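Reckoned from all heavy atoms, side chains included, excluding hydrogens, waters and symmetry mates. Not measured: the values here are computed from a predicted model.
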Amino acid sequence: MKILMVCLGNICRSPLAEGVMRHLVNEKVLDWQIASAGTGNWHVGQAPDKRSIAVAKNYGYDISSQRARHFIASAFDEFDHILVMDKNNYRDVLSLAETEEQKKKVRLFLTNEAEVRDPYYDNDLFEPVLLEIEARCKEMLKELNS
């Protein structure tokens, strides 16, 4: 199983989702690949936001070695599931899909059309966002591993 987490810049939300899911997958010794990317290319090659690194570390996740990458259309061929953090990212990713099969791989990370809030401009959102991501990753692991 190959899962790609996607947000805008690939420095806050999607690195947290990648790190949490990778940690949970490794605990279960599953042969899954977890990665993340951003629909924007401003941070390509950079480490996650220092606030994401810090909050992840506080909860036992090490995301410090991750590096931002840009979402490109070839990801549709590489990944089984493409999970986006908000509706803008959803539209941006879908705009690159060329087939119905590719479109079916894309969905919002949260259920019921909910979006993961972007904590970039609000330091107080990093912990609630991590906890929301962590809870969803645990649910998703059960869903996808059944």
Side-chain angles (χ1 to χ4, degrees), residues 1-53 55-56 59 61-122 125-146:
M1 173 111 40
K2 295 180 181 181
I3 301 171
L4 183 65
M5 311 293 191
V6 181
C7 70
L8 183 60
N10 195 211
I11 60 168
C12 294
R13 297 169 290 175
S14 58
L16 286 170
E18 174 187 351
V20 170
M21 186 61 102
R22 181 177 288 139
H23 180 90
L24 296 173
V25 162
N26 288 342
E27 280 184 340
K28 298 277 187 193
V29 194
L30 298 171
D31 185 23
W32 292 11
Q33 292 180 8
I34 314 297
S36 63
T39 56
N41 64 0
W42 318 281
H43 301 291
V44 169
Q46 295 178 13
D49 186 289
K50 63 183 180 184
R51 297 165 295 176
S52 285
I53 292 172
V55 75
Y59 283 86
Y61 306 107
D62 182 7
I63 65 169
S64 61
S65 64
Q66 293 179 29
R67 294 297 175 262
R69 69 187 237 186
H70 188 216
F71 182 88
I72 54 176
S74 63
F76 290 112
D77 298 324
E78 187 179 345
F79 293 94
D80 304 306
H81 301 279
I82 300 171
L83 307 172
V84 297
M85 299 295 140
D86 64 45
K87 292 174 185 168
N88 286 333
N89 301 141
Y90 183 78
R91 281 189 293 275
D92 291 344
V93 168
L94 277 185
S95 73
L96 297 175
E98 296 179 351
T99 67
E100 284 305 310
E101 183 180 325
Q102 289 176 339
K103 290 177 184 178
K104 287 179 185 176
K105 292 182 177 190
V106 183
R107 68 177 194 234
L108 286 171
F109 177 79
L110 296 177
T111 59
N112 300 320
E113 298 294 307
E115 299 179 298
V116 177
R117 296 166 293 174
D118 189 347
Y120 187 78
Y121 294 106
D122 186 348
L125 282 179
F126 279 86
E127 186 173 21
V129 163
L130 171 76
L131 294 173
E132 181 176 54
I133 285 171
E134 182 182 55
R136 180 64 185 130
C137 283
K138 288 177 179 179
E139 289 173 1
M140 202 176 311
L141 187 62
K142 288 177 186 172
E143 291 169 12
L144 296 174
N145 195 33
S146 55

For this session: Report the distance from atom OG of S65 to atom CD1 of I53, rounding to the nearest 0.5 Å.
Result: 9.0 Å
Show me, pair by pair, the donor-acceptor contacts under 3.5 angstrom made by side chains of residues 41-48, not counting sequence neighbours?
{"from": "H43", "atom 1": "ND1", "to": "Q46", "atom 2": "OE1", "distance (Å)": "3.0"}

For this session: In plain terms, say whether K142 and E139 are close enough for a salt bridge, that is, a side-chain N and a carboxylate O under 4.0 Å apart.
Result: no
Problem set entry | Gap separating the CG atom of L4 from the OG atom of S14, nearest 0.5 angstrom | 8.0 Å
For this session: Before giving the answer on side-chain contact (heavy atoms from CB on, under 4.5 Å), spell out for L110 and M85 the whole-Å C-alpha distance, their side-chain angles and the decisive distance to 0.1 Å.
Result: CA-CA 7 Å; L110 296 177; M85 299 295 140; over 6 Å; no
Exercise. Looking only at heavy atoms, which two atoms of F76 and I82 are closest? And how far apart?
Worked result: CD2-CD1, 3.6 Å
Exercise. Nearest 0.5 Å, what's the CG-CG distance between L125 and L130?
Worked result: 12.0 Å
Problem set entry | Centroid-centroid distance, Y90 to F109, less than 6.0 Å | no
Exercise. Pick one: which of E132, M140, K138 meets side-chain contact (heavy atoms from CB on, under 4.5 Å) with R136?
Worked result: M140
For this session: For E98, look at atom CD and say whether over 12 heavy atoms of other residues, nucleotides or ligands are found less than 6.0 Å away.
Result: no
For this session: State plainly whether the residues E101 and K104 are in salt-bridge range, i.e. N to O under 4.0 Å.
Result: no
Problem set entry | Side chains of N89 and C7 in contact at under 4.5 Å (non-hydrogen atoms) | yes
Hey, can you pull the donor-acceptor pairs under 3.5 Å for the side chains in residues 113-120, sequence neighbours left out?
{"from": "E115", "atom 1": "OE2", "to": "K87", "atom 2": "N", "distance (Å)": "2.6"}
{"from": "D118", "atom 1": "OD1", "to": "Y120", "atom 2": "N", "distance (Å)": "3.0"}

Exercise. Does E78 come within less than 4.0 Å of K105, counting only side-chain N to carboxylate O?
Worked result: no
Exercise. Quick one: are L144 and M1 in side-chain contact, heavy atoms under 4.5 Å?
Worked result: yes
For this session: List the steps and the verdict of side-chain contact (heavy atoms from CB on, under 4.5 Å) for L8 and N88.
Result: CA-CA 9 Å; L8 183 60; N88 286 333; over 6 Å; no
Exercise. Side chain of D49, backbone of I11: donor and acceptor closer than 3.5 Å?
Worked result: no
Seminar exercise, completed: Sorted by chain and residue number, the side-chain contact (heavy atoms from CB on, under 4.5 Å) partners of E27 (sequence neighbours excluded) come out as H23, L24
Exercise. Could you give the distance from CZ (R22) to CD1 (I63), rounded to the nearest 0.5 Å?
Worked result: 10.5 Å
Problem set entry | Side-chain donor or acceptor of H70 paired with backbone N/O of A37 under 3.5 Å | no
Problem set entry | Separation between CE of M5 and CD1 of I133, rounded to the nearest 0.5 Å | 8.5 Å
